[in-house]
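Ligands are counted one by one from 1 in listed order, and the atoms in each one are counted from 1 as well.
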Amino acid sequence: MIRTRFAPSPNGPLHLGHAFSAIVSHDRARSSGGEFLVRIEDIDGARSRQEFVDQALEDLAWLGLEWDAVPVRQSARLAAYADAEQRLRAMGLLYPCRCTRAEIATAATEQGPDGPIYPGTCKHRDIDPAGAAWRLDVNAAMAQVGPLEWVDEIAGSQTARPDRFGDVVLVRKDDPASYHLAVTLDDAADGITVVTRGRDLFEASHVHRLLQALLDLPVPVWHHHPLLVEPDARGNRVKLAKRRGSPSLADRRKSGEDGIALATALRDRRLPAGISLE
Ligand code: GLU
């Protein structure tokens, strides 16, 4: 059975881009008689707020979306992240790193999908692991599992290239796990068969495919949908963001707008002036 999810981070209000993403994910499941889940990605304890969790669930209900289980919260899954970290460490694939962002920016010679590629500075150093971040030795990990493929329902078959990111951080200094580790473990634990999310996270799936192979997790298919974009101050088309004035779903809801009608408009790709799908 198909099972999809919408996985908001409760560090701000949802906007139209989130509504589109949730609808795509919900409809992908329902059109095949499948299930749709909501997961609260509240691993970033400093920025997550209960107010945004409550608001997000009200927004989704207002759009007419129904989910099939009580939403899982990442903050309840820390033991699973620690266990996976131990396994990767026992495989000799993690190393501690104390480099700052500024140090990496200065030392890096290449850009990856997520910014400068970590030049491996701490890999051969003797680092005190207490309070350090832990990075995945991507080349050693790839050598261990061999070539990997993954499938996106829109973009087709992909050869996994996690090395494009360099040695990603899997355990942060201040947080129990990185986005990459938490989302990969959660999608497996939740039995997600189609990972539906925006195109901005397409490249991250290369890393997630590698983690699935290392941790013996089931391999879903992916569905990276186009993004709602709007012009920024310089006229570039960028993802919607509250700080540029995109109204939040909560504002629309509280002003009396009809959520079901909004969901229908998004399904029909009738978008507000200035906003397009790319
Ligand atoms: N929590 C992430 C976000 O709000 C989405 C993660 C995902 O869909 O994989 O951007």
Side-chain angles (χ1 to χ4, degrees), residues 2-29 35-57 59-60 65 67 71-77 80-81 113-115 150 152-155 158 162 165 168-170 172 175-212 217-229 238-243 246 248-250:
I2 297 279
R3 187 182 283 162
T4 65
R5 77 336 186 248
F6 174 62
S9 302
N11 51 25
L14 302 189
H15 54 61
L16 218 51
H18 295 107
F20 180 74
S21 190
I23 289 167
V24 169
S25 181
H26 170 272
D27 292 3
R28 175 69 189 85
E35 292 179 348
F36 169 68
L37 304 186
V38 174
R39 182 170 65 233
I40 305 298
E41 302 215 319
D42 59 351
I43 200 163
D44 180 347
R47 294 171 65 214
S48 296
R49 286 178 26 203
Q50 181 59 37
E51 162 197 351
F52 294 128
V53 176
D54 298 339
Q55 221 175 69
L57 295 177
D59 292 342
L60 296 175
L65 305 183
W67 46 98
V72 175
R73 299 176 79 120
Q74 288 191 323
S75 54
R77 303 243 319 128
Y81 308 149
D114 232 3
W150 58 277
D152 180 272
E153 289 186 331
I154 299 173
Q158 311 289 318
F165 283 79
V168 284
V169 170
L170 287 193
R172 302 199 165 279
D175 290 316
S178 70
Y179 160 69
H180 294 305
L181 187 59
V183 86
T184 303
L185 290 167
D186 290 348
D187 283 335
D190 295 343
I192 302 303
T193 63
V194 185
V195 173
T196 305
R197 60 184 169 211
R199 240 177 223 167
D200 52 333
L201 288 168
F202 186 94
E203 297 290 333
S205 300
H206 290 289
V207 177
H208 303 173
R209 181 67 190 89
L210 174 61
L211 291 174
Q212 287 155 0
L217 301 173
V219 182
V221 297
W222 280 262
H223 182 110
H224 292 99
H225 59 71
L227 299 174
L228 291 189
V229 296
V238 291
K239 265 199 328 174
L240 300 199
K242 176 88 170 106
R243 64 179 179 281
S246 303
S248 70
L249 297 183

With heavy atoms of [X] as the reference, note each atom of ligand 1 found under 4.0 Å away.
| X | result |
| --- | --- |
| S9 | 1 (N), 2 (C), 3 (C), 4 (O) |
| V183 | 9 (O) |
| E41 | 1 (N), 2 (C), 5 (C), 6 (C) |
| R5 | 7 (C), 8 (O), 9 (O) |

Taking H225 for its side chain and V24 for its backbone only, find out whether a donor-acceptor pair lies under 3.5 Å.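 Checked: no pair found.
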
Residue, atom name and distance, where the atom is the protein heavy atom closest to atom 5 (C) of ligand 1: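 Answer, as residue, atom name and distance: A7 O, 3.4 Å.
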
Could you tell me whether F6 approaches ligand 1 through its side chain, its backbone, both or neither, with non-hydrogen atoms closer than 4.0 Å?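 No part of F6 comes within reach of ligand 1.
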
By side-chain contact (heavy atoms from CB on, under 4.5 Å) - contacts of R73 (at least two apart):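 Checked R73 against side-chain contact (heavy atoms from CB on, under 4.5 Å); matches are I40, D42, Q50, V53, S75.
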
Less than 4.0 Å between a side-chain N and a carboxylate O, is that true for R5 and D190?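 No.
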
Minimum-distance pair of heavy atoms, taken over all atoms of A155 and F202: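 Residues A155 and F202, closest heavy atoms: CB-CE1, 3.8 Å.
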
With rounding to the nearest 0.5 angstrom, report the CZ to CD1 distance, R199 to I154.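 Here the interatomic distance stands at 6.0 Å.
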
